[in-house]
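Sequential numbering from 1 along the given sequence is applied to the chain's residues. The figures here come from the full heavy-atom set of this structure, side chains too, leaving out hydrogens, waters and symmetry mates.
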Amino acid sequence: MSELGYIQNRLVRAGIEHDPDGLLAEATRPGMPVVAIAGEQAILHADGGRASAVLPAAIEAETPRERVLLGMLEGRPLAGLLYEAGVADRIADAPSLSAQDLRSIAVQGTVPADELGMLAQAKSLLSWHARHRFCANCGNPTEPAAGGLRRDCRACGAQHFPRTDPVSIMLIARGDTCLLGRQKRFVAGSYSCLAGFIAPGETLEDAVRREVLEEAGIRVGRVSYVASQPWPFPSSIMIGCWGEALTEEIVLDRDELEDGRWFHRDELALMLERRHPDGLITPPPMAIANHLMRAWLTGRAGPAPGA
Ligand SMILES: [Zn+2]
């Protein structure tokens with residue numbers, strides 16, 4: 001579980017809504033540590049041998065476009081700052097700073113695992129601010145409020161809160177086999193769990209059943225929850241499930257999947273270990289699909305008690 005990316009977060013969020021503006025003002029004083037995002041990249045600080053997501057201070061000579069309160073770090077408020085994308089290039093000469101996208105940071109383990117969560121949080125929240133500058137109700141400009149935990153519209157009084165988009169992702173099993181598919185954009189030989197956004201008014205379980213029926217023509221019966229993962233591209237939560245296939249014949253939706261088939265558990269084990277004779281592989285350990293596969297192989301994913 002510890003290898004799953006973005007799930008550990010050293011920040012304490014509980015209670016910050018009591019005085020978010022006061023805490024943000026404190027967190028953005030000169031010389032206070034910050035988390036910084038520039039476009040799609042995180043700015044990291046070289047802390048001895050290893051990079052850290054926490055910069056000792058805001059970047060000199062650059063003005064952030066957005067400032068938000070993220071939470072409390074070791075008793076002190078921590079702000080997230082959004083810089084324009086060009087800052088990631090302009091810090092190239094700074095000896096202690098570097099820029100890297102969040103996927104690479106998680107795959108390569110560039111920062112400690114318990115700092116990935118705060119990067120995901122900062123990226124999602126700051127991206128939301130950058131993309132919600134106008135009121136969805138009346139079209140007038142909105143402005144940050146409550147330390148950046150909200151945006152308000154002065155014209156119509158609407159309050160807008162950051163959104164998280166739920167995505168179902170599922171390991172579908174039938175006896176000793178599981179259903180995996182690949183999209184055209186995947187790296188060569190890579191197969192993964194099926195996944196899809198949960199529709200308005202839909203349960204998680206029905207979303208799993210609908211996605212698998214749509215993409216692979218397989219009917220699914222029992223579904224149970226396994227684990228979740230923040231996915232800051234831009235602001236999803238991946239909700240990982242196990243599901244039991246009721247049918248076997250696969251009918252692929254070729255618009256969604258380039259290929260899809262049943263894999264025996266022994267074959268899946270070889271793929272996870274990168275020892276498959278045909279070079280087939282799975283997503284890396286930082287991805288929840290990898291976690292769901294391993295959970296199924298070791299008996300940790302299956303029907304909920306009483307299901
Ligand atoms: Zn409005």
Side-chain angles (χ1 to χ4, degrees), residues 5-6 9-11 13 16-17 20-46 51-73 76-94 96-106 110-111 115-136 141-153 159-165 230-237:
Y6 317 119
N9 193 336
R10 287 166 61 201
L11 286 170
R13 282 184 266 203
I16 61 170
E17 77 278 10
D21 287 322
L23 290 172
L24 180 61
E26 186 183 342
T28 49
R29 286 197 325 233
M32 287 288 278
V34 297
V35 170
I37 303 290
E40 291 299 306
Q41 307 210 63
I43 306 296
L44 306 177
H45 178 248
S52 170
V54 182
L55 313 188
I59 302 169
E60 276 184 49
E62 300 286 353
T63 304
R65 293 177 57 186
E66 303 284 354
R67 301 171 173 84
V68 298
L69 175 66
L70 296 176
M72 306 297 287
L73 181 66
R76 297 201 298 174
L78 184 76
L81 307 181
L82 180 67
Y83 294 97
E84 61 166 311
V87 170
D89 299 322
R90 292 202 289 275
I91 53 114
D93 294 334
S96 63
L97 298 178
S98 62
Q100 195 174 22
D101 71 276
L102 265 67
R103 271 194 186 84
S104 302
I105 292 170
T110 312
V111 303
E115 293 187 355
L116 286 175
M118 68 175 89
L119 281 180
Q121 183 189 346
K123 172 74 163 46
S124 287
L125 185 56
L126 289 165
S127 297
W128 175 78
H129 278 280
R131 291 177 295 112
H132 290 79
R133 299 182 176 283
F134 295 91
C135 180
T142 55
E143 56 190 40
L149 303 178
R150 227 188 41 226
R151 291 186 78 88
D152 288 353
C153 175
Q159 297 183 335
H160 301 280
F161 293 88
R163 55 184 286 177
T164 299
D165 300 320
W231 194 247
F233 308 104
S235 32
S236 292
I237 180 163

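- Side-chain contact between Arg150 and Pro20 is absent, with no heavy-atom pair separated by less than 4.5 Å.
- The salt bridge (Lys or Arg N to Asp or Glu O under 4.0 Å) analysis of residues 23-36, with sequence neighbours excluded, yields no pairs.
- Here Arg65 pairs with nothing under the salt bridge (Lys or Arg N to Asp or Glu O under 4.0 Å) rule; sequence neighbours left out.
- A search for salt bridge (Lys or Arg N to Asp or Glu O under 4.0 Å) contacts involving Glu143 returns Arg154, not counting sequence neighbours.
- Tyr6 places a side-chain N or O within donor-acceptor distance of the main-chain N or O of Leu102, the cut-off being under 3.5 Å.
- Here Leu119 contributes atom CG and Ile37 contributes atom CD1; the two are 5.5 Å apart, rounded to the nearest 0.5 Å.
- Legend: residues meeting side-chain contact (heavy atoms from CB on, under 4.5 Å) with Thr164, ordered by chain and number and at least two apart, are Ile237.
- Partners of Glu66 according to the side-chain hydrogen bond (donor to acceptor under 3.5 Å, both in side chains) rule, which considers only residues two or more places apart in sequence or in another chain, are Arg133.
- Interatomic distance, CZ of Arg67 versus CG of Leu24, reported as 8.0 Å (0.5 Å rounding).
- Glu40 is linked by a salt bridge (Lys or Arg N to Asp or Glu O under 4.0 Å) to Lys123, counting only residues two or more places apart in sequence or in another chain.
- In this structure, the side chains of Glu115 and Ile105 stay at 4.5 Å or more apart for every pair of heavy atoms.
- Scanning for side-chain contact (heavy atoms from CB on, under 4.5 Å) contacts around Ala36 gives Ile43, Leu55, Tyr83, with sequence neighbours left out.
- For the pair Val54/His45, no side-chain contact is recorded, criterion being any heavy-atom separation below 4.5 Å from C-beta on.
- Proximity of a side-chain donor or acceptor of Asp152 to a complementary backbone N or O of Gln159 within less than 3.5 Å is not detected.
- Counting heavy atoms from C-beta on, the side chains of Ser236 and Asp165 come closer than 4.5 Å.
- Contacts of Arg13 classified as side-chain contact (heavy atoms from CB on, under 4.5 Å), with partners at least two apart in sequence or in another chain: Asn9, Gln121.
- Phe161 pairs by the ring pair (Phe, Tyr, Trp, His ring centres under 6.0 Å) definition with nothing, not counting sequence neighbours.
- Looking at residues two or more places apart in sequence or on another chain, you find a side-chain hydrogen bond (donor to acceptor under 3.5 Å, both in side chains) between Arg151 and His129, Thr142.
- Applying the side-chain contact (heavy atoms from CB on, under 4.5 Å) criterion to Phe134, with sequence neighbours excluded, gives Pro141.
- For the pair Leu69/Pro77, a side-chain contact is recorded, criterion being any heavy-atom separation below 4.5 Å from C-beta on.
- With sequence neighbours left out, Glu62 forms a salt bridge (Lys or Arg N to Asp or Glu O under 4.0 Å) with Arg90.
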